[in-house]
Amino acid sequence: ACSAFSQKSCEECLKNVSCLWCYTNNTCIDYPVRSILPPSSLCSLSNARWGVCWINFEALIIAMAVVAGLILVSVTVCCCYCCYCRRRSRSRLDEEEEQLARKKEERRLQSLQRKHERKMKHDEIRKKYGLLQDSDNPYSRFENE
């Protein structure tokens with residue numbers, strides 16, 4: 001039992017995990033497991049020690065709360081940052097796709113324009129040498145002179 005370590009040292013009392021050391025009257029008592037925090041009627045938080053003797057229960061609670069808060073804030077920041085990056089990368093991918101589609105359309109239009117220019121040039125050459133057939137009667141007989 002923890003009461004056997006009363007009036008001894010804090011280190012000897014806290015070797016047993018289920019014990020709580022109170023500095024006000026140097027007593028070793030069973031940790032009240034039914035309540036999360038030991039009630040002030042048992043021992044004030046600033047004088048209670050649990051786990052280690054060099055930090056009081058009040059500071060231990062504050063330190064654990066700060067660490068839990070930092071972890072919670074860092075997880076939240078990471079999640080927000082990842083969501084923002086994912087959204088940004090999606091918009092960047094959409095912009096790149098639009099840009100590629102625009103370039104593809106421009107190349108297609110340029111190709112059609114060059115094709116039309118080649119056809120006109122070929123038609124001029126055919127017309128010059130009399131090889132261009134009438135569009136009204138494309139099946140007319142070719143006459144040799």
Side-chain angles (χ1 to χ4, degrees), residues 1-2 5 8-24 26-145:
C2 294
F5 295 107
K8 291 190 178 179
S9 69
C10 175
E11 289 81 15
E12 288 180 33
C13 173
L14 295 183
K15 284 180 184 175
N16 188 351
V17 181
S18 63
C19 295
L20 177 74
W21 180 261
C22 186
Y23 265 113
T24 41
N26 290 336
T27 56
C28 187
I29 50 178
D30 290 322
Y31 189 87
V33 289
R34 294 192 194 281
S35 61
I36 296 173
L37 298 175
S40 58
S41 62
L42 199 63
C43 187
S44 65
L45 290 180
S46 58
N47 290 323
R49 304 291 191 266
W50 179 73
V52 290
C53 292
W54 51 271
I55 187 166
N56 64 27
F57 209 89
E58 195 173 36
L60 184 66
I61 292 171
I62 291 171
M64 288 179 10
V66 167
V67 168
L70 287 174
I71 290 172
L72 190 66
V73 166
S74 63
V75 167
T76 305
V77 167
C78 286
C79 288
C80 291
Y81 180 74
C82 289
C83 291
Y84 174 74
C85 286
R86 188 175 300 141
R87 189 179 325 123
R88 203 167 117 200
S89 68
R90 282 184 190 158
S91 65
R92 192 178 297 158
L93 288 175
D94 291 342
E95 289 174 8
E96 288 177 6
E97 286 179 14
E98 289 176 14
Q99 188 176 12
L100 288 174
R102 260 187 270 117
K103 285 182 179 181
K104 185 178 180 181
E105 184 64 23
E106 287 174 9
R107 286 192 300 260
R108 189 183 69 78
L109 291 175
Q110 288 173 354
S111 173
L112 288 174
Q113 185 179 3
R114 286 192 305 267
K115 186 176 181 180
H116 181 70
E117 289 172 0
R118 276 194 312 272
K119 185 180 181 311
M120 287 184 58
K121 203 177 236 183
H122 289 151
D123 286 348
E124 285 177 17
I125 293 171
R126 286 184 185 113
K127 191 175 182 181
K128 180 179 177 182
Y129 292 104
L131 299 173
L132 187 64
Q133 299 174 350
D134 287 337
S135 60
D136 296 338
N137 189 6
Y139 297 105
S140 64
R141 186 176 214 170
F142 186 73
E143 298 176 12
N144 287 334
E145 293 183 5

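We number each residue from 1, following the sequence as shown. None of the values given here were measured: they were computed from a predicted structure.
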Check E105 with R108, please: is the shortest side-chain N to carboxylate O separation under 4.0 Å? yes
Can you tell me how far apart CZ (R49) and CD1 (I55) are? Round to the nearest 0.5 Å. 8.5 Å
For the cysteine pair C22 and C43, state whether the SG atoms are less than 2.5 angstrom apart. yes
Side chain proximity check, K103 to Q99, heavy atoms < 4.5 angstrom: yes
Expected output: side-chain T76 to main-chain L72 donor-acceptor under 3.5 Å: yes
Taking all non-hydrogen atoms of both residues into account, name the closest pair between F57 and L37 and its distance. CE2-CD2, 3.6 Å
Could you tell me whether a side-chain N or O of S44 sits under 3.5 Å from a main-chain N or O of S40, the two making a donor and an acceptor? no
Inter-residue atom distance L20.CG - C10.SG, 0.5 Å rounding: 9.5 Å
How long is the span from the CD1 atom in I62 to the CG atom in N56, to the nearest 0.5 Å? 8.0 Å
So, does H122 use its side chain to make a donor-acceptor pair with the main chain of R118 at under 3.5 Å? yes
Search all heavy atoms of C53 against all heavy atoms of E11 and return the closest pair with its distance. SG-N, 3.5 Å
Stepwise, does the side chain to side chain contact (heavy atoms under 4.5 Å, CB included) test hold for W21 with N26? CA-CA 7 Å; W21 180 261; N26 290 336; 3.8 Å; yes
In a single word, yes or no, tell whether C2 and C28 have an SG-SG distance below 2.5 angstrom. no
Going by an N to O cut-off under 4.0 Å, is there a salt bridge joining D123 and K127? no
What's the separation between atom SG in C19 and atom CD1 in I29, rounded to the nearest 0.5 Å? 9.5 Å
Please report the closest heavy-atom contact between Y31 and P38, naming both atoms and the distance. OH-CD, 3.8 Å
Please report the closest heavy-atom contact between K8 and E12, naming both atoms and the distance. CD-OE1, 3.3 Å
Taking atom CH2 of W50 and atom CG of L45, what is their separation to the nearest 0.5 Å? 13.5 Å
Min side-chain heavy-atom separation F5-T27 under 4.5 Å: no
Got a second to check how far E117's CD is from Q110's CD, nearest 0.5 Å? 10.5 Å
